[in-house]
Amino acid sequence: MRIEVVTLFPQMIREALAHGIVGRAQKRGLFEVGTEDPRDHTNDVHRTVDDRPYGGGPGMVMKPAPLVAAIGAAAARVAPGSPRICLSAQGEPFTQARAQELSGLPGLVLVAGRYEGVDERVIATSIDAELSVGDYVLSGGELPALVVIDALARLKEGALNDARSSVEESFATGLLDWPHYTRPEEYEGLKVPEVLQGGNHEHIRRWRLKQALGRTWLRRPELFLSRQTSAEETELLNEFLQERQTQS
Ligand code: 9D3
């Protein structure tokens, strides 16, 4: 897979991708990331990429011509027909399901905006979809682009890496993680739960599932709307909530 990022801050993208899972996936040739700077598609001495908004108001808007030219140059380096996606606070939510879809493509162009936004005619002529990474205000699309790339890269790594992942992925999917512990057995007066120290794998499996269900119910109850709950899960969640009642 080849991803091209259109950005006024190409270094921000390249430097962040040198580390961790994404850096390794690139070294392994699982995917390549390139950048295209709209400033390299200007003709004036000041290399102007922004201008004042029609209708007035604060802030600046990204001019259409340099941005469209940069998107064209980036698109020419990926497979024909690859989607051109703009990172935008007005976009559809980026989800794990969206990450799965996109990770199967041979190419992708990500457009990161700066200033108050991009001229709407760029969206009309040169963008296939808009994605947001959450309901908070950031100062540009670069960090969201990195979020998308990270999510796709780890799916690629996982696909080749470990055979366990497919089995483990069907366990507690759509739920928050259960609590994790490592040595020492007691830390600051807090002990590792007994069940994790015994070797009963069925008891451990049920305890983890119960914790995942309970945390999800308390912290992110809306996640239960987009997921089927089995009879075992209902029983474990009821146990979790009952045990919590008798504790406090
Ligand atoms: C008039 C209000 N504007 C700023 C307070 C709107 C605004 C302009 C530009 C809000 C954010 C941005 C820059 N953000 C992004 O480019 C962005 C983003 C985000 O801010 N939150 C979540 N996902 C994304 S994806 C791109």
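Numbering of ligands and ligand atoms starts at 1, following listing order.
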Next on the checklist: Please list the nearest protein heavy atom to atom 22 (C) of ligand 1 with its residue and the distance rounded to 0.1 Å.
Outcome noted: G134 O, 3.0 Å

Item to check | Test: R47 and D40 ion pair at under 4.0 Å | outcome: yes

Item to check | side-chain contact (heavy atoms from CB on, under 4.5 Å) between D150 and I21, worked out | outcome: CA-CA 8 Å; D150 189 86; I21 283 180; 5.5 Å; no

Checklist entry - Are any of the heavy atoms in Y115 under 4.0 Å away from ligand 1? => result yes

Item to check | Atom indices of ligand 1 within 4.0 angstrom of V137 heavy atoms, with elements | outcome: 5 (C), 10 (C), 11 (C), 20 (O)

Checklist entry - If you count the atoms of ligand 1 from 1 in the order shown, which ones are under 4.0 Å from a heavy atom of S88? => result 24 (C), 25 (S), 26 (C)

Item to check | Under 3.5 Å donor-acceptor, T42 side chain and D44 backbone | outcome: no

Checklist outcome for this item: Checking heavy atoms under 4.0 Å, the part of R114 that sits near ligand 1 is neither

Item to check | Y136 N/O under 3.5 Å from ligand 1 N/O | outcome: yes

Item to check | is_close_aromatic(F240, W207), centroid dist under 6.0 Å | outcome: no

Checklist entry - Where do R28 and E157 land on the salt bridge (Lys or Arg N to Asp or Glu O under 4.0 Å) test, with the steps shown first? => result CA-CA 9 Å; R28 287 185 174 190; E157 270 258 323; 3.7 Å; yes

Checklist outcome for this item: Numbered in order shown, the ligand 1 atoms found under 4.0 Å of a heavy atom of L131 are 25 (S)

Item to check | For the student: nearest non-hydrogen atoms of G174 and R227, plus distance | outcome: O-CD, 3.8 Å

Item to check | Which of the ligand 1 atoms, numbered from 1, are nearer than 4.0 Å to a heavy atom of L87 | outcome: 25 (S), 26 (C)

Next on the checklist: Apply salt bridge (Lys or Arg N to Asp or Glu O under 4.0 Å) to residues R84 and E130 and explain how you reach the verdict.
Outcome noted: CA-CA 9 Å; R84 298 159 297 178; E130 294 176 82; over 6 Å; no

Next on the checklist: Any heavy atom of G117 closer to ligand 1 than 4.0 angstrom?
Outcome noted: no

Checklist entry - Any N/O of L138 closer than 3.5 Å to an N/O of ligand 1? => result yes

Checklist entry - For ligand 1, which atoms have a heavy atom of P144 less than 4.0 angstrom away? => result 24 (C), 25 (S), 26 (C)

Checklist outcome for this item: dist Q245:CD -> L241:CG (nearest 0.5 Å) comes out at 8.0 Å

Checklist entry - When you measure from atom 23 (N) of ligand 1 to every protein heavy atom, which one gives the shortest distance, and what is it? => result V133 N, 3.1 Å

Next on the checklist: Among all the protein's non-hydrogen atoms, which is closest to atom 17 (C) of ligand 1, and how far away is it?
Outcome noted: A89 N, 3.7 Å

Next on the checklist: Using heavy-atom distances only, which candidate in E142, E116, E130 approaches atom 6 (C) of ligand 1 most closely?
Outcome noted: E116

Checklist entry - Taking T125 for the side chain and R121 for the main chain, is one N or O donor matched with an acceptor at less than 3.5 Å? => result yes

